[in-house]
Amino acid sequence: MSSSGDESTIAQIRKRWIILFTTIAIASMIMTLAMLIVLIYEGVREPYFTINLILLGLALFSTYNALKYYKFKPPKPSKVMSLIRCYECNYRELREPKSGDYIYKNVGECPKCGSNRYYIERIYLEKEELKTRTP
Amino acid sequence: MEEGISFETLGNILLWFVVLTLLAYGNREIEIWRITKDIERYLRFFRRARDRAVNVVLSSVKEAAQKYKQKLDLRVLEDRISQLIESVFIQPESKDPFKIITKLKHLISTENKRLSNEIKILVPSLNDNDVENLKNMVSAARALNSIYKMLDHYYRLARKFKSLWLLIQLQSLMPFMSEEIRALEKSLDAFKNGYPIGDSVGSLVASRFIFKHTTDFKPVEIVENTIAVEVPFDGRKVYVIKAKGPSGCTGHPDDALRELLKDLNGNVDLIVTVDAAIKLEGENSGLVVDGVGVAIGGLGVEKFNIEEVATYNQIPLYAVLVKMSEAEALSVMSKAVALAADTAVERVERIIRERSKEGRNVILVGVGNTIGVYP
Ligand SMILES: [Zn+2]
C-alpha cells in the first residue's frame, strides 16, 4: 500500500524535528544560565543583557516547538477488514480480506452450522474518518 | 528668523521616503516569494502523486501479465501507458445544445470501449474483471495527471507575468486540490485490490436488498455490464438494477431502466435510486437522506435519460443518498459508510412499503461503481 510509506516518512520527519529543537533548546538554556551567572557577577551590562534575553527567547521557542512535535502523533496506518456472516445462523467472523475477495462472495461452509449461505458481508477501512492533511 | 526648511530636514524627509518605498516594495516581493514557495510545495506533492499513480498502473499491468504468463515489452508498455494517460476527452459542442446528451453518451461509450481495447491490446489474456479494474486505475492516473498539469500551467503563467493576484488565487485553490489528489491516490489502492470504495454504496444497497429478501436468484444481464434481479418483497415485485459486479464498472442504469420499463409496459409504481453523495463539512459520514429526484452523479447523461423515461411513463422518482466526503467516496469503503448501507436498505424498504401498493411492480436502481460488490 502506498499510504504506509507515506506514514513512515511522516514519523521520520517528526523524529528529525524533535531532535533538532531539543538540541537547540538545551544549548540555549545552558548558554542563558552561563550568561546569567556572568551578569550576576559583573552587574547588569549591555550588550550581555540583551543577548541573554534573546537566548531566553530562543530557549522558550524551541522548547515549545519540540513539545509540539512530540505531542503530534502520526496517524495510525488504516487496516482493511472483512466481516463474514452466515445467513442461516448469524455466525460472524472478522478477518483481513484475501486477494480476490468481494462483498457477497461465498466463502464455503459456515463453521458452526454447515450452511453454504456463508458470505462476506462487509469490506471496510477500519479508520473512521479521513481527515484533511496538507503536505 | 531662519528660512522654512533646512537642507538637513529635507534630507531626512527624503531618506524616510526612500526607506518607506523600499519597505513597501520589499514587503510585496517577500509576499510573492512566500506564496510561490507554498504553491511549489503543493505542486511537488501533486507531481509525486502523479508519478506514483503511473508506477502503480505500470506495475499492475505487469503483475496481470505475469499472472497469465505473458511476456511484455517494457519499452512499448511504458510508451503505451503514458500515451493513454495523456489522452484527452473532448466534450461535445454546446453552442447548439440540441441532442447534446445523445452526443455525450456516444462519446462516453466510445471512450469506454477504447480504454478496454487499449488494455486488451497490452495484455490480451486478461479477464473482464481485471480489465475494468485497470481501466479505473488508468482513469485515476489520467485525472491526477491533468490536474497537475493544469495547476502547473497556471503557476508558470503567474510566475511569467509576476501576477500576485493569479498567485493568490492559485494558492487559495491548493488545499481543495490537495483533497482531491489524495482521494484519487487512495482510489488506486482500492482498485488494485478490488475492494469496494465509498461510491460502491449504491450497488451495495442493491445487493444487500437482494440477499436480504431472496435465497436464490438469477441475475439477467439486461444491457451490457448491467444486471436486473427480480426480488419478492412484501407482496410486491421489486426489480433491482445494478452494474455487474464485482468488477469496477458503473454499467448503464438508464438503458437498463428503459429496457425493463419496455418489458413491464411501463407498469411500475415507483422508481427508487440509491447513490453516494458528497457531504457538507458539517454533516457526518454515513448520513442517509431521502428525497425526490434521481440520485446519480457523473456527466448527467444517465440522470437526463432516467428523468426522461420516468416522466414519459409518469412514474414517481424517489432518491436515497448516503453522504460521505470526497476522499471517502474514492477510497476503500469506510466503516461509517459500510454501516450506513444497512440504514439505507431500511429506508428503501420503508419507501416501497409506504408509497406503492401490494401486488405492484417497483424498480430499485443501485447507482455507482460496483467494484468489490457482487452480483
Ligand atoms: Zn451458520
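The structure presented is a predicted model; accordingly, all values stated were derived computationally and were not measured. Chain identifiers are assigned alphabetically (A, B, ...) following the order of the sequence lines, protein sequences preceding nucleic acid strands; residue numbering begins at 1 within each chain.
Within 6.0 Å of the CE atom in M81(A), the count of heavy atoms belonging to other residues, nucleotides or ligands exceeds 12. Within 6.0 Å of the NZ atom in K15(A), the count of heavy atoms belonging to other residues, nucleotides or ligands does not exceed 12.
Between the CZ atom of F211(B) and the OH atom of Y119(A) there is a distance of 5.0 Å, given to the nearest 0.5 Å. Between I123(A) atom CD1 and I197(B) atom CD1 the span is 13.0 Å, to the nearest 0.5 Å.
Here the side chains of V80(A) and Y195(B) are in contact, with some heavy-atom distance below 4.5 Å. For the pair M333(B) and L125(A), the minimum side-chain heavy-atom distance is 4.5 Å or more.
Annotation: side chain to side chain contact (heavy atoms under 4.5 Å, CB included) contacts of E180(B) (sequence neighbours excluded): I147(B), M177(B), E326(B). Among residues two or more places apart in sequence or in another chain, the side chain to side chain contact (heavy atoms under 4.5 Å, CB included) test is passed with L287(B) by E283(B), V289(B), K323(B). With sequence neighbours excluded, the residues that form a side chain to side chain contact (heavy atoms under 4.5 Å, CB included) with F61(A) are F21(A), N65(A).
Put simply, of A338(B), G198(B), S200(B), A183(B), the one with the most heavy-atom pairs under 4.5 Å next to chain A is A338(B). If you tally non-hydrogen atom pairs under 4.5 Å between each of S207(B), G194(B), P375(B), A341(B) and chain A, the highest count goes to S207(B).
R117(A) and T214(B) get closest at one heavy-atom pair: NH2-O, 4.2 Å.
Ion pairing between D342(B) and R122(A) holds under the 4.0 Å rule for side-chain N and carboxylate O.
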Apply side-chain contact (heavy atoms from CB on, under 4.5 Å) to residues Y104(A) and R208(B) and explain how you reach the verdict.
CA-CA 9 Å; Y104(A) 289 116; R208(B) 191 143 294 170; 3.0 Å; yes
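Residues of residues 240-248 of chain B having a heavy atom under 4.5 Å from any heavy atom of chain A, listed by number: P246(B).
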